[in-house]
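In the text below, chain A, chain B and the rest are named by the order of the sequence lines, each starting its count at 1.
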Amino acid sequence: MARFCRTVLVASLYGVKDRKNWMILSQYRGLCCISESHELPDWFKVRQNEPSSDVFDSDDDFMIPADNQVISDCRTVVRKVLPGEIVDGCVDEICEILKNKFSSHETVGLALDACSVKVSKSLVDKILRRFNNDWVPAFGFFKWVDSRPEYGKHSPGSYDMMVDILGKCKQFELMWQLVDGMMQCGRLVSLSTMTKVIRRLAGARRWDDAIETFHDLELFGVKKDCLAMNVLLDSLCKERNVNYARDVFLMLRSQIPPNASSFNILIHGWCKAGKLDEAKQTIKEMSDFGFTPCVISYTNMIEAYCIKKDFESVDAILAEMRCQGCLPNVVTYTIIMHSLGKANRIQEALQVCDKMGRDGCVPDTSFYNSLIFILSRAGRLADANHLYEEMCKDGIPLNATTYNTLISASCNHSQVENAFKLIKEMGESSCKPDTKSYHPLLKLCCKRKWTKLLTYLLLDMFEKDVSLDPGTYTLLVQGLCRYGKLQQSCLLFEEMVLKGISAKPHTFNLLLEALDRNSIYGAKEKIHQLMLHAQSMRRKKL
DNA sequence: TGAAGTTTAA
């Protein structure tokens, strides 16, 4: 029954020559949940090099429907099909509801009141993980659960996840309200909570706020110790403000004794910023303070020279390490091999593998991933695939990066079917596909104007709860616009802005120019309004 | 993600 309804729905969707898919995708994501297993639709099975305007329609006449009839029809069908048949546990039932569009997090609760599932702690965490890019449904659900008398209190872990989601989506006012709420509920705020707050503030370039939060830690019952200081230093360094990190460090170190990590964090910050003199100076300070520079300190320096392609200096540091009795490890070797590969020095890169073996250092997943990357970049996709097989055979665990690297390589070599095979395998393995897995395929579809395949991929993403992140929206809006799919581009742009994701000025301009060129003034006005809306939202956030 | 390394990025 379920399969039948899905088929009918999908068929009717594709039957209308793509016109309404985009509206449905944008307006009613729940549609995608009706499939129990996913297969490639027939039209995909035609090979890409066989000309078939029907399959890879490069000029479909997409139109926005005048009313929302299609959407409400789909809702009716989906509702009829749902109970008991397709819903696999409470998680799916709740996701089904949460995938609708909500104007605010308050309205989410009203929609959820209609369902009668038993909420458990693990269910809350699963839902939060699935909606970690969509704060409105996540927060609405979180509040709704909180209001149910039988649930009790959220666990500190769930609170921390929610804090992180709000921070990631730059909802800082709500984030602070939640932290205050945690304070009122007892001693729920921990260093882990405040770590999320500090990292997200620094990530939004609110460096002063991040520093102020550190100074206020004790108000939240969290100790201002070396561990907390390191979180602040690391957040500042990772968000490219190593100068701030240094100032904070100089200010704090008389009150809070640093450890070796504090120095290594700073060394890493300087190295990433390409400031090698400062990095060397910090290594000296580290020794003066009584900490011996370790493999991490040296590896940071090596990475900085690798970025500059200064492999002679890399060798000099390796020699110095040996003198100090500090042996390079798999991380050191990965960095060197990767950089040689990127500098098109493949032979030398491969020699690193031998050298590592002689040192008795065992390759790990990241090392393999790196090797797969440089081999495919050098056009040796067959060797890369062979390595992947070797990993499977030798029991070296694969991770999402292994798959994502291979998918991207396959797309770059126009091996679309291999990319699909990998994404399918991924779904069946323990590492689930994420936005990065789909990214290269989406990009290729935009470039080749494969609208149907693109629609299929988006359906597949929604089905697997892979939410679109800002990068993917940007890719789609720009990609569709560049390749002449202006209306689809506008729709996605609208969805992006309404979700509170800030678009880059470049994206605005690209769209406006294209609409101008095509004299589509109505849409131009609409995009302009959305742009103003986005700007005022951004101002509110600041 | 979080004291160092791997994919993605106009």
**Student:** Distance check: side-chain N/O of A/H439 vs OP1/OP2 of B/dT7, anything under 4.0 Å?
**Tutor:** no

**Student:** Please tell me which of the listed nucleotides, B/dG5, B/dG2, B/dT7, lies nearest to the side chain of A/T401?
**Tutor:** B/dT7

**Student:** Return the nearest nucleotide to the side chain of A/R199; candidates are B/dG5, B/dT8, B/dG2.
**Tutor:** B/dG2

**Student:** Is a donor on one side and an acceptor on the other found under 3.5 Å between the side chain of A/N132 and the backbone of A/L128?
**Tutor:** no

**Student:** How many whole angstroms separate atom CG of A/N404 from atom P of B/dA9?
**Tutor:** 11 Å

**Student:** Out of B/dA10, B/dT8, B/dA4, which nucleotide sits closest to the side chain of A/E303?
**Tutor:**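 The listed nucleotide nearest to A/E303's side chain is B/dA4.
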
**Student:** Output the residues of residues 269-293 of chain A in contact with DNA chain B, where contact means a heavy atom of the residue under 4.0 Å from an atom of the strand; sort by number or write none.
**Tutor:**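 Hits under 4.0 Å, by residue number: A/K272.
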
**Student:** Using atom CG of A/L475 as one end and atom C1' of B/dT8 as the other, report the distance to the nearest whole Å.
**Tutor:**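 In whole Å, B/dT8 C1' and A/L475 CG are 10 Å from each other.
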
**Student:** In this structure, how many angstroms lie between the P atom of B/dT8 and the CZ atom of A/R377, rounded?
**Tutor:**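 The answer, rounded to whole Å, is 9 Å.
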
**Student:** Does A/D359 pair with A/R322 as a salt bridge, N-O distance under 4.0 Å?
**Tutor:** yes

**Student:** Please, which pairs that meet ring pair (Phe, Tyr, Trp, His ring centres under 6.0 Å) have at least one residue in residues 329-359 of chain A, sequence neighbours excluded?
**Tutor:**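 The answer is A/H338-A/F373.
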
**Student:** A/I307 CD1 to B/dA4 C1': how many Å, rounded?
**Tutor:** 12 Å

**Student:** Between atom CG in A/D434 and atom C1' in B/dT1, what is the gap in whole Å?
**Tutor:**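 For the pair A/D434 CG and B/dT1 C1', the rounded distance is 13 Å.
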
**Student:** Looking at A/R199 and A/D164, does any basic side-chain N land under 4.0 Å from a carboxylate oxygen?
**Tutor:**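 So A/R199 does not pair with A/D164 through a salt bridge.
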
**Student:** Please give, in whole Å, the distance from B/dG2 P to A/L201 CG?
**Tutor:**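 Answer to the nearest Å: 19 Å.
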
**Student:** Donor-acceptor check, side chain of A/T299 to backbone of A/V295, threshold 3.5 angstrom: yes or no?
**Tutor:** yes

**Student:** What interatomic distance, in whole Å, is found between C1' of B/dT6 and the corresponding atom of B/dT1?
**Tutor:**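 Going atom to atom, C1' in each nucleotide, I get 13 Å.
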
**Student:** Can you find a side chain N or O atom of A/K436 that sits less than 4.0 Å from OP1 or OP2 on B/dT6?
**Tutor:**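 Checking B/dT6 against A/K436, no side-chain N or O comes under 4.0 Å of OP1 or OP2.
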
**Student:** Can you list the residues that meet the ring pair (Phe, Tyr, Trp, His ring centres under 6.0 Å) rule with A/F141, with sequence neighbours excluded?
**Tutor:**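 Scan of A/F141 (ring pair (Phe, Tyr, Trp, His ring centres under 6.0 Å), adjacent residues dropped) gives none.
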
**Student:** I'd like to know if the side chain of A/N259 and the backbone of A/S262 have a donor-acceptor N/O pair within less than 3.5 Å.
**Tutor:**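 Confirmed, A/N259 side chain pairs with A/S262 backbone.
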
**Student:** Using the test side-chain contact (heavy atoms from CB on, under 4.5 Å), find all partners of A/V136 that sit at least two apart in sequence or belong to another chain.
**Tutor:**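 Listed in chain order: A/F102, A/H105, A/V108.
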
**Student:** Tell me which residues in residues 258-267 of chain A put a heavy atom below 4.0 Å from DNA chain B, sorted by number, or none.
**Tutor:** A/S261, A/N264, A/I265

**Student:** Keeping to residues at least two apart or across chains, list the ring pair (Phe, Tyr, Trp, His ring centres under 6.0 Å) pairs with something in residues 344-370 of chain A.
**Tutor:** none

**Student:** Of the nucleotides B/dA10, B/dA4, B/dT7, which one has an atom closest to the side chain of A/K342?
**Tutor:**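 Ranking B/dA10, B/dA4, B/dT7 by closest atom to the A/K342 side chain puts B/dT7 first.
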
**Student:** Going by number, which of residues 350-370 of chain A have a non-hydrogen atom under 4.0 Å from DNA chain B?
**Tutor:**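 By residue number: A/D364, A/S366, A/F367, A/N369.
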
**Student:** Got a donor-acceptor contact below 3.5 angstrom from the A/K524 side chain to the A/L512 backbone?
**Tutor:** no

**Student:** How many whole angstroms separate atom CG of A/L371 from atom P of B/dG5?
**Tutor:** 18 Å

**Student:** Hey, can you pull the residues of residues 327-339 of chain A with a non-hydrogen atom under 4.0 angstrom from DNA chain B?
**Tutor:**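 The stretch gives A/N329, A/V330, A/V331, A/T334, A/I335, A/H338 as the residues lying under 4.0 Å from the strand, ordered by number.
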
**Student:** Any pair with a residue in residues 397-411 of chain A that passes side-chain hydrogen bond (donor to acceptor under 3.5 Å, both in side chains), sequence neighbours left out, goes on the list, sorted by first then second residue, please.
**Tutor:** A/N369-A/N399, A/N369-A/T402, A/N399-A/T402, A/N404-A/D434, A/N404-A/S437, A/S410-A/N418

**Student:** Can you pull out every salt bridge (charged side-chain N to carboxylate O under 4.0 Å, His left out) where at least one residue sits in residues 286-304 of chain A? Sequence neighbours excluded, please.
**Tutor:** A/K272-A/E303, A/K284-A/D288

**Student:** Taking A/R482's backbone N and O only, do any of them form a donor-acceptor pair with A/K485's side chain (distance below 3.5 Å, no angle check)?
**Tutor:**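 The answer is no, because no donor-acceptor pair under 3.5 Å joins these two groups.
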
**Student:** With sequence neighbours left out, what residues match A/F493 under ring pair (Phe, Tyr, Trp, His ring centres under 6.0 Å)?
**Tutor:**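 With neighbours one apart ignored, the set is A/F508.
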
**Student:** Tell me which residues in residues 387-400 of chain A lie within less than 4.0 Å of DNA chain B, going by non-hydrogen atoms.
**Tutor:**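 Heavy-atom cutoff 4.0 Å gives no residues at all.
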
**Student:** A/M194 CE to B/dG2 C1': how many Å, rounded?
**Tutor:** 17 Å

**Student:** Are A/Y305 and A/F311 close enough that their ring centers fall under 6.0 Å?
**Tutor:** no

**Student:** Mind checking if A/T405 touches a base, just sugar-phosphate, or nothing, with heavy atoms under 4.0 Å?
**Tutor:**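 It contacts sugar-phosphate atoms only.
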
**Student:** Taking only side-chain N and O atoms of A/K443, does any of them lie within less than 4.0 angstrom of OP1 or OP2 on B/dA9?
**Tutor:**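 For B/dA9, OP1 or OP2 has a side-chain N or O of A/K443 closer than 4.0 Å.
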
**Student:** How about A/F131 and A/F139: are their ring centres within less than 6.0 Å of each other?
**Tutor:** no

**Student:** Checking A/D216 side chain against A/L219 main chain: does a donor-acceptor pair fall under 3.5 Å?
**Tutor:** no

